[in-house]
Amino acid sequence: MSSQDMLKNASTLASYNVLLQVMFRVLTFFLNAFTLRFVSKELIGVVNVRLTLLYSTLVFLSREAFRRACLSGGTDHHWRQVINLLWLTLPLGVLWASLLVCVWLWLLEVPDPLTIPHYGPAVGLFALAALQELLAEPLWVLAQAHMFVRLKVVAESLAMVAKCVLTVVLVVSAPQWGLYIFSAAQLVYTGFLVLCYFVYFLRFLGSGEANRKYFPLQRVADLLPSRVEGEPVIDWTLARLTWSFFKQSFLKQILTEGERYVMTFLNVLSFGEQGVYDIVNNLGSMVARFIFLPIEESFYVFFAKVLERGRDVRQQKQEEVAIAAEVLECLLKLVLVIGLIITVFGYAYSHLALDIYGGSLLSSGAGPSLLRCYSSYVLLLAINGITECFVFAAMSKEEVDRYNLVMLALSISFLLLSYMLTWWAGGIGFILANCLNMGLRILHSMFYIHRYFLSSQWTPLRGLMPSPLLLLALALSAVLTALSEGVFCCDGGWLLRLVHIAVGAGCLLGVLVTVLLTETKLVQFVWTQLLPRYGKKHT
């Protein structure tokens with residue numbers, strides 16, 4: 001497959017992932033707004049922080065390293081050995097589940113059973129849901145490596161809809177079940193996910209479509225662990241790379257979920273305060289998760305296929321390096337523009353958004369300040385996602401090992417900063433600590449990218465330099481929307497709120513027109529590579 005074809009596939013995958021994440025976040029958005037009316041913020045804190053942290057930690061530590069290693073090099077693998085390697089995620093998950101469940105039950109503070117009952121069974125059920133999801137891991141990697149973009153969209157859409165429907169029904173009909181509601185919903189979600197992947201591959205393997213695509217596996221039995229006479233059971237090169245990524249993934253998880261670990265293990269916030277912080281955190285990160293994360297995941301696959309890991313840029317195919325550099329520059333410009341827009345408009349519309357979403361429960365107190373700070377953090381989050389996406393795809397095994405030491409230092413500093421800044425500034429301290437660590441990670445990635453392309457003619461870091469006219473339009477929008485908030489929002493009734501919204505809409509329109517006029521290369525990239533309808537017409 002040529003690099004142009006890989007770019008088209010990665011772009012299509014990114015587009016579908018963005019649409020999928022939009023649907024997820026919209027459903028979750030309304031689901032949280034709905035459940036806020038029926039359950040306490042303490043219960044939300046336990047579910048969204050404590051139990052979700054258990055689930056995400058177990059899943060991430062069990063599979064992330066395997067995903068990154070097995071997706072390197074595209075489809076050029078001995079897939080029977082890769083499948084054997086991927087099935088190791090399940091016993092690894094069982095080991096992590098045994099350890100984490102003991103920690104969650106016996107080492108952490110247990111919620112008051114009168115206020116939040118059924119905590120013990122809920123811990124076990126969330127761990128079981130994580131293990132259930134790991135059953136589909138070999139199929140997920142196969143689907144990603146061979147660009148089965150629609151499978152992921154359909155599977156995760158059905159699973160999310162089923163989860164939301166069950167949660168709404170149980171919250172309305174049996175709110176006294178408490179944590180059992182969210183545990184059952186999580187089990188249904190992972191169950192639907194696994195079922196969709198298995199049904200798809202049961203129908204696909206051995207079919208005419210599989211033969212036309214020269215799919216490496218022919219029978220359902222090929223999806224199970226097996227040994228071929230005279231060959232190693234697993235690909236030991238990938239196994240060593242997995243170990244390198246595993247050490248790194250442990251540190252990356254601490255950085256990604258650091259504030260939840262601090263909240264969970266150090267008890268710096270009450271369960272109610274954790275609930276409010278998590279809701280604000282989810283609102284603030286919606287755009288980051290449904291736009292930036294899918295783009296990062298999809299283009300990691302692209303960079304990993306186009307670039308030769310650990311090899312000097314002059315010794316690679318120059319056509320493919322040129323495409324990778326151009327794509328990296330456009331992606332950096334894209335996330336920078338989106339991040340700047342969120343930062344500017346997030347400041348003036350945080351209070352209004354929280355008041356509409358959760359009433360005085362969220363708009364009073366520290367809620368608006370948390371969301372304003374998070375709007376600035378999103379900009380750093382966006383840039384870091386793309387720069388690390390490229391760096392992880394280009395690094396050699398030795399470079400990954402060295403970077404683990406950097407991640408270790410960042411993890412330790414992040415935990416210390418989070419603890420100190422939270423005692424000083426409450427929930428805002430978490431965001432400030434995240435900003436500092438994200439800034440350091442960006443600097444490291446930028447230095448690596450600069451050195452990587454130093455001996456070539458390409459300078460993709462130019463994508464981090466927006467046009468002066470765009471910066472001027474953003475500055476004017478920041479001033480006008482801040483003045484509008486002071487005059488029209490948010491205690492004067494809905495008419496004045498609508499005026500404030502109209503001012504923001506006008507400013508946003510002006511910014512978008514400026515982007516169209518000044519960032520023509522970016523507009524062309526988005527139009528030709530990221531819009532799925534256009535992509536379908538030209539493939």
Non-hydrogen atoms of [X] and [Y] that approach each other most closely:
{"X": "Pro460", "Y": "Leu332", "result": "O-CD1, 3.7 Å"}
{"X": "Ser350", "Y": "Ser375", "result": "OG-OG, 4.2 Å"}
{"X": "Ala393", "Y": "Ala304", "result": "CB-N, 3.7 Å"}
{"X": "Leu151", "Y": "Ala143", "result": "CD2-CB, 3.8 Å"}
{"X": "Val511", "Y": "Ser477", "result": "CG2-OG, 3.4 Å"}
{"X": "Met446", "Y": "Leu461", "result": "O-CD1, 3.6 Å"}

side-chain contact (heavy atoms from CB on, under 4.5 Å) evaluation trace for Leu352 with Ile501: CA-CA 9 Å; Leu352 178 61; Ile501 293 172; 3.7 Å; yes
Residue pairs fulfilling side-chain hydrogen bond (donor to acceptor under 3.5 Å, both in side chains) with at least one residue in residues 165-177, sequence neighbours excluded: none
Glu485 side chain vs His500 backbone, donor-acceptor pair below 3.5 Å: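 Pair absent, no side-chain N/O of Glu485 close to backbone of His500.
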Side-chain (Trp140) to main-chain (Lys152) donor-acceptor, under 3.5 angstrom: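 No, Trp140 side chain to Lys152 backbone: no donor-acceptor pair under 3.5 Å.
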Side-chain heavy atoms of [X] within contact of [Y], under 4.5 Å:
{"X": "Thr57", "Y": "Glu257", "value": "no"}
{"X": "Glu109", "Y": "Phe271", "value": "yes"}
{"X": "Gln274", "Y": "Arg50", "value": "no"}
{"X": "Ser376", "Y": "Arg372", "value": "no"}
{"X": "Val280", "Y": "Tyr374", "value": "no"}
{"X": "Leu508", "Y": "Leu512", "value": "yes"}
{"X": "Ile386", "Y": "Phe292", "value": "no"}
{"X": "Met465", "Y": "Arg462", "value": "yes"}

Derivation and outcome, side-chain contact (heavy atoms from CB on, under 4.5 Å), residues Tyr55 and Thr190: CA-CA 11 Å; Tyr55 172 82; Thr190 57; 3.6 Å; yes
Any chance you could measure [X], atom [atom1], to [Y], atom [atom2], to the nearest 0.5 Å?
{"X": "Leu334", "Y": "Glu329", "atom1": "CG", "atom2": "CD", "answer": "12.5 Å"}
{"X": "Thr52", "Y": "Asp278", "atom1": "OG1", "atom2": "CG", "answer": "7.0 Å"}
{"X": "Ile383", "Y": "Ile338", "atom1": "CD1", "atom2": "CD1", "answer": "11.5 Å"}
{"X": "Gln524", "Y": "Trp527", "atom1": "CD", "atom2": "CH2", "answer": "12.0 Å"}
{"X": "Ser270", "Y": "Glu42", "atom1": "OG", "atom2": "CD", "answer": "7.0 Å"}
{"X": "Leu454", "Y": "Thr459", "atom1": "CG", "atom2": "OG1", "answer": "11.0 Å"}

side-chain contact (heavy atoms from CB on, under 4.5 Å) assessment of Tyr349 paired with Leu371: CA-CA 9 Å; Tyr349 289 88; Leu371 192 53; over 6 Å; no
Should the heavy atoms of other residues, nucleotides or ligands under 6.0 Å from [atom1] of [X] be counted, would the total exceed 12?
{"X": "Tyr347", "atom1": "OH", "answer": "no"}
{"X": "Phe392", "atom1": "CZ", "answer": "yes"}
{"X": "Glu273", "atom1": "CD", "answer": "yes"}
{"X": "Phe38", "atom1": "CZ", "answer": "yes"}

Results of ring-ring contact (aromatic ring centres under 6.0 Å, His included) for Phe390 - residues two or more places apart only: Phe303, Tyr452, Phe453
Could you work out, with side-chain hydrogen bond (donor to acceptor under 3.5 Å, both in side chains) as the rule, every residue matching [X], not counting sequence neighbours?
{"X": "Thr514", "answer": "none"}
{"X": "His351", "answer": "none"}
{"X": "Ser456", "answer": "none"}
{"X": "Asp355", "answer": "Ser363, Arg497"}

Test log, rule side-chain contact (heavy atoms from CB on, under 4.5 Å), inputs Gln253 and Ser56: CA-CA 9 Å; Gln253 176 68 2; Ser56 65; 3.8 Å; yes
Sequence-distant partners of Leu471, side chain to side chain contact (heavy atoms under 4.5 Å, CB included), two or more places apart: Leu340, Pro466
Distance-only side-chain donor-acceptor flag, Glu388 / Tyr403, under 3.5 Å: yes
Polar contact flag, side-chain donor to acceptor under 3.5 angstrom, Thr387-Tyr448: no
Which side-chain N or O atoms in residues 422-438 pair as donor and acceptor under 3.5 Å with protein atoms at least two apart or in another chain?
unit_1 : atom_1 : unit_2 : atom_2 : d
Thr422 : OG1    : Ser418 : O      : 2.5
Trp423 : NE1    : Tyr419 : OH     : 3.2
Asn434 : ND2    : Glu259 : OE1    : 3.2
Asn434 : ND2    : Phe430 : O      : 3.1
Asn437 : OD1    : Ser413 : OG     : 3.4
Asn437 : ND2    : Ala433 : O      : 3.2

With a 3.5 Å cut-off and sequence neighbours excluded, list the donor-acceptor pairs that the side chains of residues 179-187 form with protein atoms.
unit_1 : atom_1 : unit_2 : atom_2 : d
Ser183 : OG     : Leu179 : O      : 2.9
Gln186 : OE1    : Lys163 : NZ     : 3.1

Ring pair (Phe, Tyr, Trp, His ring centres under 6.0 Å) partners of residues 463-495, not counting sequence neighbours, each pair once: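 Those involving residues 463-495 do not exist here.
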Contacts of type salt bridge (Lys or Arg N to Asp or Glu O under 4.0 Å), residue Glu64, not counting sequence neighbours: Arg68
Residues forming a salt bridge (Lys or Arg N to Asp or Glu O under 4.0 Å) with Glu133, sequence neighbours excluded: Arg63
